[in-house]
Amino acid sequence: MTSIGDRLLGLSLLILALAYGWGAQQWPEPFGGSETVGPETFPTLLAIILALASIHMMFKPDPDAEWPARKTLLELAMAILALFVYALLIEPVGFILTTLACVAFLAWRMGAALKPALMISTLGAVVVYLLFNNLLDLPLPLGLLEFN
């Protein structure tokens with residue numbers, strides 16, 4: 001990829017960041033007034049980070065960037081597919097199980113041993129779930145683990 005390619009990709013990602021940030025602001029105000037941390041906070045932060053990275057890519061392109069090898073492209077495609085499946089399954093399966101599976105898979109594909117990847121992803125999924133549900137009052141779906 002040439003520097004013009006970096007600039008075009010940066011422009012495309014900037015447009016995506018602006019659209020994503022605008023979409024995050026379309027959440028209705030919660031019942032009873034506004035909250036300090038609402039459902040739009042995390043997507044807005046992601047949009048800001050993506051916009052800054054895009055601007056950097058547009059103004060400081062890598063002059064000698066090359067496309068990665070076929071194996072690396074396959075690994076990237078698998079990671080994108082894993083994240084796509086994660087987004088589809090988070091509601092019906094639940095945050096903990098979906099996050100556990102996705103993080104363990106991605107860590108394993110990056111070279112971690114499977115057993116430590118499963119242990120760390122389990123701990124991380126449970127801690128993040130408890131943090132969001134109990135401390136931040138941002139409920140995450142339990143899915144299959146929900147007891148009725």
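Not measured: the values here are computed from a predicted model. Counting begins at 1 with the first residue of the sequence.
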With a 3.5 Å cut-off and sequence neighbours excluded, list the donor-acceptor pairs that the side chains of residues 73-83 form with protein atoms.
residue, atom, partner, partner atom, Å
Glu75, OE1, Arg109, NE, 3.3
Glu75, OE2, Arg109, NH2, 2.5

Remaining members of the apolar cluster that contains Ile55, side-chain heavy atoms under 4.5 Å: Leu11, Leu14, Ile15, Leu18, Met58, Phe59
Members sharing Leu52's hydrophobic cluster (side chains within less than 4.5 Å): Ile48
Co-membership, hydrophobic cluster, residues Leu123 and Val103, 4.5 Å side-chain: no
Nearest heavy-atom approach of Leu89 to Thr98 is O-OG1, 3.4 Å
Val93 with Tyr129, same ILVMFWY side-chain cluster at under 4.5 Å: yes
Give the other cluster members for Trp22, using side-chain heavy-atom distances under 4.5 Å between Ile, Leu, Val, Met, Phe, Trp and Tyr residues; answer none if it is isolated. none
Which residues pass the side-chain hydrogen bond (donor to acceptor under 3.5 Å, both in side chains) test with Ser54, sequence neighbours left out? none
Applying side-chain hydrogen bond (donor to acceptor under 3.5 Å, both in side chains), can you list everything that pairs with Glu91, at least two apart in sequence or on another chain? none
Between Ala125 and Ile96 the two heavy atoms that sit nearest each other are CB-O, 3.6 Å
Going by heavy atoms in the side chains, are Phe95 and Val128 under 4.5 Å from each other? yes
Anything under 3.5 Å between a donor and an acceptor, one on a side chain of residues 110-121, the other on a protein residue two or more places apart or in another chain? List them.
residue, atom, partner, partner atom, Å
Ser121, OG, Leu100, O, 3.3
Ser121, OG, Ala117, O, 2.9
Ser121, OG, Leu118, O, 3.1

So which pairs with a foot in residues 118-131 pass salt bridge (Lys or Arg N to Asp or Glu O under 4.0 Å), sequence neighbours left out? none
Can you sort out the partners of Tyr20 under side-chain hydrogen bond (donor to acceptor under 3.5 Å, both in side chains), two or more places apart, ordered by chain and number? none
What closest approach, in Å, do Met57 and Asp6 show between heavy atoms, and which atom pair accounts for it? CG-O, 3.3 Å
Is it true that the side chains of Tyr86 and Thr99 contain a donor and an acceptor less than 3.5 Å apart? yes
